[in-house]
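Below is one structure, written out as structure tokens; comments come after it.
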Amino acid sequence: MVTKKKVEQKIEQKQESNKLDFSVIEKKWQEAWEKSRVFEVSEDLKRKKFYVLEMFPYPSGAGIHMGHAFNYTIGDIFARFKRMNGFNVLYPMGYDSLGLPAENAAIKNKTHPEDYTHKSIANFIKQQKTLGLSYDWSRQINTANPEYYKWDQWIFLKMFEKGLVYEKEASVNWCSSCKTIISNEQAQGGKCERCGTKIEIRQMKQLFLRITDYADRLLEGHKKLNWPEKTIAMQKNWIGKSYGTEIKFGINGEYWNVFTTRPDTLFGVTFMVVSAQHPKLDKLVTKEQRKEVDKFLKKLKSVSEKELESLEKEGVFTGSYAINPVTGDKVPVYAGNFVVADYAGGMVMAVPAHDQRDFEFAKKYKIKIKQVIEPLYESTDGFDAFHKTEPKIDKEVVVAIIKNPKNLKYLCLKWKKNSWKTFVSGGIEKDEDVLTAARREIEEETGYTDLKFIKTLPGKVHTRIYHNLKKENREAHMSSIYFELNSDKRKEISKEENELHEILWLTDNDVEKLGIDEDIKLIWAQFKQETAYTGEGYVTNSPGFNGLNNEEAKKKITDWLISKKLGRKVVNYKLKDWSVARQRYWGTPIPLVHCDKCGLVPVPEKDLPVKLPEKVKFGEGNPLLTNKEWLDVKCPKCGGKAHREANTMDTFVNSSWYFLRYCDSHNTKEIFDKKKVKYWMPIDLYIGGAEHACMHLIYCRFYTMFLHDLGLIDFDEPAPRLFHQGMINGYDGQRMSKSKGNGVEPLETMKKYGVDTTRFYLMSEASPDKGFNWNDSGIQGSLRIINKVLTILDNLKFGRDSKELEVKLNNSIKSITEQIENLDYRKSTIELRELFDLIAQQKEISKESFVSAIKLLAPFCPHIAEEIWQKIGMNKSGKDFISLASWPKYDEKKLKLQEDSLSIEEKMIGYVKSITDKFPDKKNVYLYVMPFELGKIKAERISKAIGKMVDIWAVNNKAKFDPNNRASKARPGMPGVYLE
RNA sequence: GCGAGGGUACCGAAGCGGUCAAACGGGAGAGACUCAAAAUCUCUUGGCUUAUGCCUUCAUAGGUUCGAAUCCUAUCUCUCGCACCA
């Protein structure tokens, strides 16, 4: 066991042996960069721009953690790389400083949020500067600055103007701990994202941004994005577009709109379920059922406090009946705990025969189940699709294997029209896989041998039958397996018999016809009873629509409903409008005024910014309500009595457009100069955590689209390329935290090992998108290579390059260039290690090559690179930084060691001779070579050279003479050899 | 349930049809230097054994191929997102 003490001892010892005092050179170069304003940029139309951005941090009092260091190093390397490649690189930093946590922390520390924020930011900047990050600090922004949030308000007013802001009474997510409303995005899983408190649903008048107007564009825009697939999938899921039909159901003389994606099952509706949280639930409850319903609601409340998820589907009859618009049937209306109140009307039509959840509910409450879809037994997908795409395979025997949950299996083979045969009805033998069993059974039953396996194809049709079985039965599956008979046997089967096809699922009739044993009947029966059939099929029991394919039926039934004005086609989204108001102090004030006469009135643009009043009381409720002076204003419209909107904006507003402000961060006249934004935007590489997939990354796209529509910008996607960095955990694989004691402080680490070592280590442990577990002994490997580079410097002798070094260097330039471009930094650190290992072994090296090698190192270890750069005399003026030097180029011709000019034939002769020499008594030589080599080699020439009989075969020649299977040893350039 | 990505030597982690017993790092072992340690450098790190050799390995089982860690199929298993969405 290595104790912590031992490790620390080791570290101290190693530190003593450091070649340089890192902190001295770090400071030296950081100051030099700042003094010379190396990283400050301005628009230059002649140069290509590149915009690298990390998601700006929320400046907490705790300062930066290792995750920040990781994130920023990834961006910094890219920025430095692009800069050296001649790009005009915009790489800014700023602070997302408004928000609940600052307010809470300030209250806790008994300071004003503003002081808290200022201190935190100052601390952040100091820490970030020690990391050696190449930010253009002159463009820094801070969202808590009125100069910034003025433009939040300005955009808000524009949205108000365009009708994207509205107020409505709505059920909202209320966090009783933060004492504020929070958005759906922040209330995922029914818990407050910030504090984990369970969300309450309350009815309140609320301000919303109409983000749903952009739902389609947000989906459409995904096509343009080079984003992780997962993130796109998450957003799609979040936006949740679904097409369906809204159907009017009459209940107690009133129409209720119900959304469904399955209008084809309308005839199968046997009950309705309304959400237990539905605001209009009371209207449905009859006197007789009142008690029952109340009891149910009460129970729900007590249960939900404990465990909201994994609840069983429960409900209670309300006493009311709905009229099915197509059948005129009266069906009971239940209140249920599984229906979401504010999605699509809060009521569902239940079709127990074809929806699993409805099915379970119906079973529980003994409600009628009416089947209206007859499953498709004929194949539609798997098998046919297979034949359509691969029509060449036409002579196989087709076998379907049904493996049931009890691990019994059945083979059914169909080769003549309507002649089915069951082969197997026993269990699979021990140590025998399905395929072997299938082969064995077929051989036994048919007498055909030499079946050649072609392919296994999972049949969608088959699996569909089983996919609704309960989880414990999930092993059940079915597949089609194809065997081809060998050619002799194939002849025995007549042409007609060769046309084998269509075996996919067994209908009741099939089961009868086949005389299949009891077991499978049992499974079939079980299936029919215990699950709803949710697949495709033909419509039955639906007068007027019977016999239609269910997809057609969807259209026809919807059309019919439309014609009778009982329904309409609708598109539904899971995405809801963005509730933007927060009952808290530390946010952007909403520039609206409530006037008794005029209602909601926007603050005129000239009066912006509406600044946060300094004097407020923190405690219960919204602090802004405690400053009367600020609250009371005259109505901008009529001059009458009015008061300010006391809510502040959600903090996500601030981060929805900040990347645009960086382009022109000190503009006091307008939100930004269009020309400047046109030059810099969009963000060429955006780096940040995957946890923002459904919040910030949707909001900022929405804002960008809106500003595009205003005509301010000419693009509508802010960040075409997005990268998520991985998580850095403690050595134990757990999230770093003080309480667990597994945390590693970035500043401490950098003090111990040096900034460049830390950066190098962070990049060398894992690919940036994967993250890793921190490992104290691992960072010493990085220290080793840094020290090695410095040792090289000490013993440096310029001269000529060795061939080997030349090749390695050119390869390194090529691969590191590509790797950085792909953010595959880990591989680059390996390449750098190999390169400097080799340089260390050289007696001398050309200055040119050494310069290139140091340049390759520069993005990763900028301080050391600058120091070496200067020491070898490349920075005489003190301003010729390696940070601004040009990236090395490789020579295509020098990527490989020059091959000796021997032909393949000559090489082979040498190789074969070396073998034959050992076995002088063997007379015949058989060589097995790649097919493409065949033309380049002549048997006679080799024969002459080695003085033996030589036979050459292509390695894939079936007729070749090869008793020892030496052909399998053959490789390109090196033949397989058999001696006789 | 739906979706995404994995399982490689003692550990982390590359490789994604032939040049693979498998890069690189950590760890371990041996040696050089040293009075001694640390650092540094060299070597070893699947087995047989010292050979331009054989055998066994890249979750498991089959298959395709002259040739599979890499392709196909099935099975097992892990991690991570999202979920009563009608």
Side-chain angles (χ1 to χ4, degrees), chain A residues 2 9-10 12-18 188-189 228-231 233-234 236-238 240 242 244 258-262 273 308-313 336-340 343-345 347-351 355-358 403 431-436 439 452-458 467-468 471 475 477 479 481 572-574 690-691 693-694 727 761 764-767 770 772-773 775 777-782 784-785 787-788 791 826-827 829-831 833-834 837 840-841 910-911 914-915 928-931 953-958 960 962 965-974 976:
Chain A
V2 184
Q9 249 175 10
K10 259 188 172 178
E12 270 166 38
Q13 283 161 342
K14 283 182 194 185
Q15 265 185 303
E16 279 167 29
S17 68
N18 281 350
Q188 288 187 34
E229 254 180 69
K230 203 178 164 182
T231 307
M234 278 165 80
K236 277 189 178 151
N237 184 33
W238 186 255
S242 59
V258 172
F259 175 75
T260 180
T261 55
R262 293 293 306 268
V273 188
L308 223 141
E309 286 144 43
S310 75
L311 260 187
E312 214 183 302
K313 285 133 199 69
N337 64 354
F338 62 95
V339 177
V340 180
Y343 178 74
M347 186 186 279
V348 300
M349 58 177 234
V351 187
D355 181 281
Q356 188 58 24
R357 201 186 34 212
D358 297 345
K403 190 173 146 199
D431 303 325
E432 188 178 54
D433 67 296
V434 179
L435 250 156
T436 319
R439 184 195 293 269
K452 190 174 176 187
F453 170 65
I454 300 173
K455 182 153 197 155
T456 306
L457 182 81
H467 91 284
N468 275 324
K471 203 173 181 183
E475 312 89 85
H477 71 277
S479 305
I481 298 185
N572 233 312
Y573 298 93
K574 281 198 250 176
E691 68 273 16
C694 290
M727 286 275 288
Y761 174 62
S764 66
E765 256 316 283
S767 307
K770 283 187 183 150
F772 64 97
N773 299 343
N775 173 354
S777 65
I779 194 168
Q780 289 171 53
S782 300
R784 224 164 270 159
I785 180 72
N787 276 331
K788 184 174 253 174
T791 311
R826 198 184 115 82
K827 285 184 202 152
T829 62
I830 292 168
E831 194 68 42
R833 277 192 151 107
E834 288 173 358
D837 261 343
Q841 288 162 25
Y911 172 68
S914 72
I915 295 172
Y928 310 98
V929 302
M930 296 300 119
W953 297 95
V955 93
N956 60 351
N957 185 338
K958 293 220 162 121
K960 67 180 178 289
D962 184 13
N965 192 24
R966 305 305 295 178
S968 68
K969 300 286 170 195
R971 279 171 285 169
M974 212 188 263

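Lettering of chains follows the sequences in order, A, B, ..., and the numbering in each one begins at 1.
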* Structure fact -> For B:A4, the nucleotide meeting Watson-Crick or G-U wobble distances (both under 3.5 Å) is B:U79
* To do: Could you check which nucleotide pairs with B:A74 in any of the strands shown, counting Watson-Crick or G-U wobble with both distances under 3.5 Å?
  => B:U60
* Structure fact -> Quick note, A:Ala233 side chain, CB onward, closest among B:C66, B:G3, B:G26 is B:G3
* To do: Select one nucleotide: of B:C24, B:U19, B:C82, the one nearest the side-chain heavy atoms of A:Arg971.
  => B:U19
* What nucleotide among B:G12, B:G81, B:C84 has an atom nearest to a side-chain atom of A:Met234? -> B:G81
* A:Ser242 side chain, from C-beta outward: closest of B:G25, B:A86, B:A23 -> B:A86
* Structure fact -> Side-chain contact check for A:Met930: nearest option of B:G18, B:C66, B:C24 is B:G18
* With both distances under 3.5 angstrom, what nucleotide forms a Watson-Crick or G-U wobble pair with B:A21? -> none
* To do: To the nearest 0.5 angstrom, please state how far the CZ atom of A:Phe259 sits from the CE atom of A:Met347.
  => 15.5 Å
* Could you tell me whether A:Met974 contacts a base, only the sugar-phosphate backbone, or nothing, with contacts defined as non-hydrogen atoms closer than 4.0 Å? => nothing
* Asked: Is A:Gly240 touching bases, backbone alone, or none of the nucleic acid, heavy atoms closer than 4.0 Å?
  -> nothing
* Any idea which of B:A23, B:A86, B:C66 is nearest the A:Thr260 side chain? -> B:A86
* To do: Assign A:Val339 to base, sugar-phosphate, or nothing according to its heavy-atom contacts below 4.0 angstrom with the strands shown.
  => base
* Ignoring the backbone of A:Arg826, work out which of B:U42, B:G26, B:A14 is nearest its side chain. => B:A14
* From A:Gln780 CD over to A:Ile785 CD1, what is the distance, rounded to the nearest 0.5 angstrom? -> 15.0 Å
* Does a nitrogen or oxygen in the side chain of A:Arg357 sit under 4.0 Å from OP1 or OP2 of B:G1? -> no
* Tell me whether the OP1 or OP2 atom of B:A23 has a side-chain N or O from A:Lys827 closer than 4.0 Å. => no
* **Selected nucleotide, minimal atom distance to A:Lys788 side chain, candidates B:A13, B:A86, B:C41** => B:C41
* To do: Check whether any side-chain nitrogen or oxygen of A:Arg784 sits under 4.0 Å from OP1 or OP2 of B:U40, and answer yes or no.
  => yes
* Nucleotide of B:G3, B:G67, B:C55 approaching A:Ser968 most closely (side-chain heavy atoms) -> B:G67
* To do: Starting at OG1 of A:Thr829, measure out to OH of A:Tyr761 and round the result to the nearest 0.5 Å.
  => 11.5 Å
* Of the nucleotides B:A86, B:C84, B:C66, which one has an atom closest to the side chain of A:Val955? -> B:C66
